[in-house]
Amino acid sequence: MQSLRSCPARGLILSSAFRGGQRSLRMSWPRKSGAQGAGAGAGGGLGAGTGTGGTSATGTIGFSALQKLREWHASAFSSRFLLFTNVGISLSLSCVGDILEQHLEIYCGEIERFESTRTAHMAISGVTVGVICHYWYKMLDKRLPGRSMRVVAKKIVLDQLICSPIYISVFFVTLGVLERKDKHEVWEEIKEKAWKLYAAEWTVWPVAQFVNFYWIPAHYRIFYDNIISLGYDVLTSKVKHKQSHSHLKKIP
């Protein structure tokens with residue numbers, strides 16, 4: 001203390017240094033709290049990252065399912081499997097059309113119960129028709145390529161004049177074979193009922209086939225065809241079975 005008193009300048013320097021040291025100590029505290037804040041931020045960020053990881057895992061599963069669906073779609077509508085896809089679509093929607101018609105007939109009191117054999121026969125007829133339409137569309141696209149108005153008009157006319165009569169005839173022949181009818185009975189049924197279906201074709205299909213040949217890609221044509229024909233399949237089932245019940249009862 002005496003040295004400080006004896007040398008005022010030295011005392012002033014030391015006191016300034018001492019005060020500066022206190023100030024430096026005080027300035028060091030916020031750095032410590034800042035480190036803690038950084039740790040808390042890192043922990044919070046880690047927790048948030050973990051939560052985001054869970055959401056990301058869910059998104060990955062959804063993306064994987066979507067990717068598998070795309071792969072299945074590409075395979076089903078490829079040239080290798082397109083015939084099986086078209087036949088499956090025709091079978092399924094022919095079956096659905098008859099189920100709808102039978103439930104409508106039950107509701108209206110026209111039949112008493114659902115006949116699964118009838119639905120199975122309609123489904124099988126959908127298979128034969130699906131095969132015919134598959135190769136018919138391929139032949140049309142090969143002979144008449146392009147989507148000009150002239151080409152589309154030719155396809156519609158050929159479809160109505162050639163494919164529709166074949167389609168309707170094969171439909172009645174297939175069901176005649178399944179119902180164990182002879183050739184005379186099948187021919188009489190065709191003469192009695194086929195014209196009704198053919199007349200209905202001219203009211204529905206020219207416009208529908210314009211859309212089909214002008215806009216729809218070739219590998220989706222049977223799919224589009226069957227979506228449009230779902231209502232037509234209901235009519236087909238009605239025409240085929242409503243008037244044939246009395247005839248079938250005569251068969252021993």
Side-chain angles (χ1 to χ4, degrees), residues 86-87 89-91 93-106 108-111 115 117-137 139-140 144 152-213 221-222 224-251:
N86 289 337
V87 169
I89 292 171
S90 298
L91 183 152
L93 292 185
S94 295
C95 181
V96 170
D98 182 71
I99 291 173
L100 293 175
E101 172 57 25
Q102 285 204 59
H103 280 85
L104 180 61
E105 292 176 9
I106 293 172
C108 296
E110 298 177 8
I111 60 175
E115 299 177 10
T117 302
R118 167 178 158 177
T119 301
H121 288 175
M122 290 295 293
I124 294 172
S125 73
V127 172
T128 57
V129 169
V131 173
I132 291 173
C133 290
H134 173 83
Y135 287 107
W136 170 252
Y137 285 145
M139 187 273 293
L140 275 184
L144 297 171
V152 170
K154 287 182 178 180
K155 286 183 176 181
I156 292 173
V157 172
L158 291 174
D159 188 69
Q160 290 299 113
L161 296 180
I162 298 176
C163 186
S164 290
I166 293 174
Y167 155 78
I168 294 172
S169 300
V170 169
F171 168 76
F172 282 107
V173 170
T174 301
L175 290 179
V177 171
L178 294 172
E179 294 170 357
R180 298 182 180 180
K181 294 180 178 179
D182 58 33
K183 293 185 291 185
H184 176 73
E185 289 175 320
V186 172
W187 175 243
E188 289 299 322
E189 189 173 28
I190 290 176
K191 290 194 298 182
E192 178 187 354
K193 302 173 183 177
W195 69 270
K196 297 179 181 180
L197 296 179
Y198 190 55
E201 288 243 348
W202 279 97
T203 64
V204 175
W205 287 108
V207 176
Q209 292 294 59
F210 174 80
V211 176
N212 199 4
F213 293 131
R221 285 200 178 137
I222 300 290
Y224 166 84
D225 199 12
N226 278 273
I227 293 296
I228 298 299
S229 68
L230 181 58
Y232 185 78
D233 289 338
V234 173
L235 174 65
T236 301
S237 178
K238 183 179 182 65
V239 170
K240 170 64 180 72
H241 295 96
K242 185 175 181 180
Q243 297 181 3
S244 62
H245 284 305
S246 60
H247 175 72
L248 290 175
K249 290 178 182 177
K250 297 178 183 179
I251 300 177

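Quick note: residue numbers are just sequence positions, from 1.
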Hey, does [Y] have a side-chain heavy atom less than 4.5 Å from the side chain of [X]?
X    : Y    : result
V186 : V177 : no
Y137 : N212 : yes
L158 : W136 : yes
V152 : Q209 : no
E115 : E105 : no
E101 : M122 : no

Could you tell me the separation between the [atom1] atom of [X] and the [atom2] atom of [Y], rounded to the nearest 0.5 Å?
X    : Y    : atom1 : atom2 : result
L140 : C133 : CG    : SG    : 10.5 Å
K193 : K196 : NZ    : NZ    : 8.0 Å
I190 : I168 : CD1   : CD1   : 10.0 Å
F172 : Y167 : CZ    : OH    : 9.5 Å
L93  : L230 : CG    : CG    : 6.0 Å
H134 : D225 : NE2   : CG    : 13.5 Å

Looking only at heavy atoms, what is the nearest atom pair of [X] and [Y], with distance?
X    : Y    : answer
P165 : Q160 : CD-O, 3.5 Å
I132 : V170 : CD1-CG2, 3.4 Å
Q102 : I111 : O-CD1, 3.7 Å
S94  : G126 : OG-CA, 3.4 Å
Y198 : S164 : CE1-CB, 3.8 Å
G130 : V87  : C-CG2, 4.4 Å

For Y224, which of I228, I222, N226 qualifies under side chain to side chain contact (heavy atoms under 4.5 Å, CB included)?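 Going through I228, I222, N226 one by one, the side chain to side chain contact (heavy atoms under 4.5 Å, CB included) with Y224 is satisfied by I228 alone.
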Counting only heavy atoms not in W187, do more than 12 sit closer than 6.0 Å to its CH2 atom?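 Count not over threshold, so no.
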Would Y135 and N86 count as a side chain to side chain contact (heavy atoms under 4.5 Å, CB included) here? Give the steps. CA-CA 10 Å; Y135 287 107; N86 289 337; over 6 Å; no
Counting N and O atoms only, with roles assigned by atom type, does the side chain of [X] sit under 3.5 Å from a partner on the main chain of [Y], one being a donor and the other an acceptor?
X    : Y    : answer
H103 : I99  : yes
T128 : S125 : yes
K155 : L144 : yes

